[in-house]
Amino acid sequence: VYPRLNGQHSEYSLSQLNLFRLEKRTNDEGVMMRIRKYRDSDLKDVARLISKTFGRFNSGEGSKKSVKNYIDTYTPLKKNLARIKENFDKCSIFYVAVAGEKIIGIVRGREDKIVNLFVVGEYHKRGVARGLVVKFEKTAKGMGGKSIKINSSLYAIPFYEKMDYKKVGSISKLFGLNVQKMRRGL
């Protein structure tokens, strides 16, 4: 996916196309964003993003206790940081979307599964999640992945369907939270 070129100066167009080729720029639908690999120094910001975003958009998708446990798991308190890092380190694929210096989205998992995809609310429907998933899928395919599965939140089902993920079975419980198993071939 490349930017529109109509009316752009040739030098600018060439520089932007080179940035796309080098994957240092994406077609971000109004968000000046870049996607880069997760760094250990991102841990607190990523954990906070997961905790807050889950609380805002997924709080009705399970028992109060299960929702609280999920939010608490990623709340970046000193006592949680080692466990959060251990969970993050299990993921062979981990990207963050950054606007300026702010992390606005994350995707993590392995070559056959997306474990988490979260985007800050004000960046929903602006291409951030799509950019993260496309980057994730490209990396997974390069690692030999044949398909990607996910335990989608109910809130995210329409997004994944637009990304050509298909429902597998019916809604089930995972740690007391409602999820929809989904899959997409690469």
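In this text, all values refer to a predicted model and were calculated from it rather than measured experimentally. Numbers here are sequence positions counted from 1.
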Would you sort out whether Val133 and Met163 count as a side-chain contact (heavy atoms from CB on, under 4.5 Å), showing the intermediate values? CA-CA 9 Å; Val133 170; Met163 296 292 295; 3.6 Å; yes

Report, one line per pair, each donor and acceptor closer than 3.5 Å where one atom sits in a side chain of residues 154-162; sequence neighbours left out.
unit_1	atom_1	unit_2	atom_2	d
Tyr155	OH	His124	ND1	3.0

Does [X] use its side chain to pair, donor to acceptor, with the backbone of [Y] at less than 3.5 Å?
{"X": "Thr53", "Y": "Leu49", "answer": "yes"}
{"X": "Glu137", "Y": "Gly185", "answer": "no"}
{"X": "Arg48", "Y": "Pro76", "answer": "no"}

Would you please test Lys149 and Met182 for side-chain contact (heavy atoms from CB on, under 4.5 Å) and show each step? CA-CA 6 Å; Lys149 59 187 175 185; Met182 300 184 83; over 6 Å; no

Ile104 and Val98: CA distance, side-chain angles, deciding distance, side-chain contact (heavy atoms from CB on, under 4.5 Å) verdict: CA-CA 6 Å; Ile104 60 171; Val98 181; over 6 Å; no

Side chains of [X] and [Y], heavy atoms from C-beta outward: is any pair under 4.5 Å?
{"X": "Ile150", "Y": "Arg183", "value": "no"}
{"X": "Glu61", "Y": "Val67", "value": "no"}
{"X": "Asn151", "Y": "Lys181", "value": "yes"}
{"X": "Thr73", "Y": "Phe175", "value": "no"}

Looking at every heavy atom in both [X] and [Y], which two are closest together, and how far apart are they?
{"X": "Ile71", "Y": "Gly55", "result": "CD1-CA, 3.6 Å"}
{"X": "Ala97", "Y": "Met33", "result": "CB-SD, 3.9 Å"}
{"X": "Gly105", "Y": "Leu132", "result": "C-CD1, 3.7 Å"}
{"X": "Leu177", "Y": "Ser66", "result": "CD2-CB, 3.8 Å"}

Linking I/L/V/M/F/W/Y whenever their side-chain heavy atoms sit closer than 4.5 Å, directly or via other members, would [X] and [Y] fall into one cluster?
{"X": "Val179", "Y": "Val168", "value": "no"}
{"X": "Leu81", "Y": "Phe54", "value": "yes"}
{"X": "Phe57", "Y": "Ile103", "value": "no"}

Mind jotting down which residue pairs meet the ring-ring contact (aromatic ring centres under 6.0 Å, His included) criterion with at least one end in residues 33-53? Sequence neighbours excluded, please.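 Sorted pair list: Tyr38-Phe88, Tyr38-Phe94.
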
Neighbour count >12 (heavy atoms, 6.0 Å) for atom NZ, Lys173: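 Buried by this count: over 12 neighbours within 6.0 Å.
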
Mind checking the [atom1]-[atom2] spacing from [X] to [Y]? Nearest 0.5 Å is all I need.
{"X": "Leu77", "Y": "Asp72", "atom1": "CG", "atom2": "CG", "answer": "8.0 Å"}
{"X": "Gln180", "Y": "Asn178", "atom1": "CD", "atom2": "CG", "answer": "10.5 Å"}
{"X": "Lys166", "Y": "Arg184", "atom1": "NZ", "atom2": "CZ", "answer": "9.0 Å"}

Are the charged groups of Arg36 and Asp42 less than 4.0 angstrom apart, N to O?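 So Arg36 pairs with Asp42 through a salt bridge.
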
Validation: residues 106-119 side-chain donor-acceptor distances under 3.5 Å, sequence neighbours left out:
unit_1	atom_1	unit_2	atom_2	d
Arg108	NE	Asn116	OD1	2.6
Arg108	NH1	Asn87	O	3.2
Arg108	NH2	Tyr74	OH	3.0
Arg108	NH2	Asn116	OD1	2.9
Arg110	NE	Asp112	OD1	2.9
Asn116	ND2	Tyr70	OH	2.9

